[in-house]
S.K.: 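For reference, the structure I am asking about is given below.
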Amino acid sequence: MIELAPKLDRLRDAGLYRQRRLLAGPQAVRPCIDGRQLLAFCSNDYLGLAAHPAVIEALREGAARDGVGSGASHLISGHHEAHEALEDALADFVGRERALLFSTGYMANLGVIQALCSRGDQILADRLNHASLLDGAQLSQARLRRYPHADTDRLQRMLISGSGSGDGNRGNRLIVTDGVFSMDGDLAPIPELAALANRTRATLMIDDAHGIGVLGAKGRGSLEHFGLDGLETQTAVPILIGTLGKAIGTFGAFVAGSSELIDYLIQRARSYIYTTALPPALATATLKALEIAQQEPERRQHLQHLISRFRTGAKSLGLALTDSPTPIQPLIAGDVDTALHWSQFLEDNGILVTAIRPPTVPQGSARLRITLSAAHQDTDVDRLLETLERLPRSTSTHRRSHSAAPRARGAGVGG
Ligand SMILES: *Cc1c(COP(=O)(O)O)cnc(C)c1O
């Protein structure tokens, strides 16, 4: 057997050992975690739909009617009318010809990139992209080139200097980016990327896992935020990924685009073909959640109100915020110890915000990833701010109190 104990020890020594927290009961802003009720600011249930009574009821009814397991992959005998109905609704929602359901966003990204790119092609990826996009690129065997975060000038130079082969046959080029960056909350410069892709005849793929449901008056995501939703923009952003386990509150993911794209993915996306279809009842529940997300814009409005309240409060406390208009509001700690220390301090005060450490975020940018939900109240945000005001400035911890931790980027706690 491969020796794992030393590997685990190294993770512990570096403060990078990860442990799961045990949740009981529904996902909520006050979940019961490890037997204790905490006020949580770290889930992606941005609209508060994960335990919505109507969604629960839709799941119950769907299961009573269609059973639980789908029994097979979509291409064998698992493709159910509940899946088809959800795909139609999703395509409609984001203004694309068709949509294709995947079991998870992780699998959607692997499947799409692997299906569309191969050796000889190039993938140009933002440095802060989600891990699944990176893994998809590696799986495809295309050449992966990462550009500095949101740096369209650099990307342009990379596209122009692009071939590397010198034979004039440079293969296809896919630009891939998060729409909303999952750990930073800022938006990709989508209009510029679309223009650049158009000029250089590259293809643009947006993973809008954190934009769908949240951004835009109708919740259509980052593209709506930039006024790029609607069928006429399908050529500008031909490949759109959305996930369903975040703002939509259920589980799964989709790819939306032209009929031809979807048709091709059904033929070639391995993580679509070689896996069991989602339970149909889950598709039925998701359809209900999607309906609520569209019909109750007040959820988005309340969320935006909470975001402003948090940002205004944090600024007056001198906390260093990132440039994020979304419910993801990270506080950069810098080193791992400080992030863990802050997280522990909050927890001691009844608030749950998990510390995010490398390799999820770059070295030296460990952080508290604070997320807000429409299910939070003003008083919840105020309580978070009051606790953050008392956040210890010291970076020393019981675990490595001897090590002088480097000064945090953005200094986190201010004054
Ligand atoms: C969460 C996330 C995914 C993965 O989606 P799952 O459905 O959770 O597998 C993909 N991309 C981004 C940007 C994400 O934040």
Side-chain angles (χ1 to χ4, degrees), residues 20 23 27 42-47 49-50 83 86-87 90 94 99-114 123 125-140 146 149-150 174-190 193 204-215 221-223 225 237 239-256 269-272 275-279 282-283 285-286 289-290 293 322 324 326-330 354 356 359-362 367 369-373:
R20 301 173 303 173
L23 183 90
Q27 180 57 240
C42 47
S43 106
N44 300 316
D45 181 23
Y46 302 122
L47 298 180
L49 295 177
H83 298 130
L86 178 57
E87 288 181 346
L90 287 166
V94 294
L100 185 68
L101 270 180
F102 279 74
S103 293
T104 67
Y106 188 95
M107 291 167 72
N109 284 337
L110 288 196
V112 171
I113 298 176
Q114 160 270 320
I123 294 167
D126 189 290
R127 250 190 200 290
L128 296 188
N129 275 354
H130 189 262
S132 55
L133 295 168
L134 191 63
D135 294 356
Q138 268 155 2
L139 192 62
S140 75
R146 300 172 83 188
H149 179 50
L174 182 70
I175 302 170
V176 183
T177 181
D178 285 19
V180 172
F181 286 86
S182 58
M183 297 297 136
D184 295 79
D186 59 333
L187 281 117
I190 297 176
L193 291 172
L204 180 58
M205 167 171 170
I206 304 281
D207 173 0
D208 208 20
H210 297 274
I212 292 292
V214 172
L215 294 176
S222 303
L223 296 182
H225 175 89
V237 183
I239 308 169
L240 174 64
I241 308 284
T243 63
L244 303 167
K246 290 167 180 160
I248 305 301
T250 60
F251 189 78
F254 64 96
V255 181
R270 296 170 65 86
S271 62
Y272 181 78
T275 198
T276 300
L278 277 179
L282 200 52
T286 304
L290 184 64
T322 61
S324 164
T326 71
I328 303 167
Q329 295 289 330
T354 314
I356 306 285
T360 306
V361 291
R367 68 195 64 187
R369 177 178 179 269
I370 293 167
T371 56
L372 299 166
S373 165

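Residue indices begin at 1 and follow the sequence shown. Each ligand, and each atom within it, is numbered from 1 in the order the structure gives.
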S.K.: Kindly indicate whether the side chain of I113, heavy atoms from C-beta on, has any atom under 4.5 Å from the side chain of L139.
M.R.: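 SC-SC contact between I113 and L139 ruled out.
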S.K.: Using a heavy-atom cut-off of under 4.0 Å, does the side chain or the backbone of I241 touch ligand 1, or both, or neither?
M.R.: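 Neither part.
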S.K.: Heavy atoms only: give me the nearest R367-M183 pair and the separation to one decimal.
M.R.: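 Smallest heavy-atom distance, with atoms named: NH1-O, 2.8 Å.
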S.K.: So which heavy atom on Q27 is nearest to which on S43, and how close?
M.R.: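 Nearest pair, atom of Q27 first, then S43: OE1-CB, 3.3 Å.
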S.K.: Can you find a side-chain donor-acceptor pair between D184 and H149 that sits under 3.5 Å?
M.R.: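 Short answer, no.
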S.K.: What do you reckon, does S132 put a non-hydrogen atom under 4.0 Å from ligand 1?
M.R.: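 It does; at least one heavy atom falls under 4.0 Å.
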S.K.: Closest heavy-atom contact between D208 and G221?
M.R.: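 What the structure gives for the nearest pair is OD2-CA, 3.3 Å.
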S.K.: Under a 4.0 angstrom heavy-atom cut-off, which atoms of ligand 1 come close to A209?
M.R.: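 Result: 2 (C), 11 (N), 12 (C), 13 (C), 14 (C), 15 (O).
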S.K.: Using only atom types and a distance under 3.5 Å, with no angle test, would you say the side chain of H130 pairs donor to acceptor with the backbone of D178?
M.R.: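 Flag not set: sc H130 to bb D178 has no pair under 3.5 Å.
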S.K.: List ligand 1 atoms under 4.0 Å from S182, heavy atoms only on the residue side.
M.R.: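 This gives 15 (O) as the contact atoms.
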S.K.: Going by the order shown, which atoms of ligand 1 are within less than 4.0 Å of some heavy atom of T104?
M.R.: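 That gives atoms 7 (O), 9 (O) of ligand 1.
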S.K.: Looking only at non-hydrogen atoms, find the nearest pair between M107 and S271 and report the distance.
M.R.: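 Closest heavy-atom pair between M107 and S271: O-OG, 2.6 Å.
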S.K.: Which protein heavy atom lies closest to atom 11 (N) of ligand 1, and at what distance to 0.1 Å?
M.R.: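 Residue, atom and distance for the closest contact: D207 OD2, 2.5 Å.
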S.K.: Out of all atoms in ligand 1, which are within 4.0 Å of some heavy atom of N109? Include the element for each.
M.R.: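 Checking each atom against N109, I get 10 (C), 11 (N).
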S.K.: Please could you name the atoms of ligand 1 that G105 approaches to less than 4.0 Å, counting only its heavy atoms?
M.R.: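 Every atom of ligand 1 under 4.0 Å from some heavy atom of G105: 4 (C), 5 (O), 6 (P), 7 (O), 9 (O).
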S.K.: Looking at D178, which atoms of ligand 1 are within less than 4.0 Å of one of its heavy atoms?
M.R.: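 Listed by number with element: 13 (C).
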S.K.: Who gets closest to atom 8 (O) of ligand 1 by heavy atom: K246, H210, M107, M183?
M.R.: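 Going through K246, H210, M107, M183 one by one, K246 has the nearest heavy atom to atom 8 (O) of ligand 1.
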S.K.: Going by heavy atoms in the side chains, are N109 and D135 under 4.5 Å from each other?
M.R.: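 Of all side-chain heavy-atom pairs linking D135 with N109, none is under 4.5 Å.
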S.K.: Can you list the ligand 1 atoms lying under 4.0 Å from a non-hydrogen atom of Y106?
M.R.: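 Those qualifying, in numeric order: 4 (C), 5 (O), 6 (P), 9 (O).
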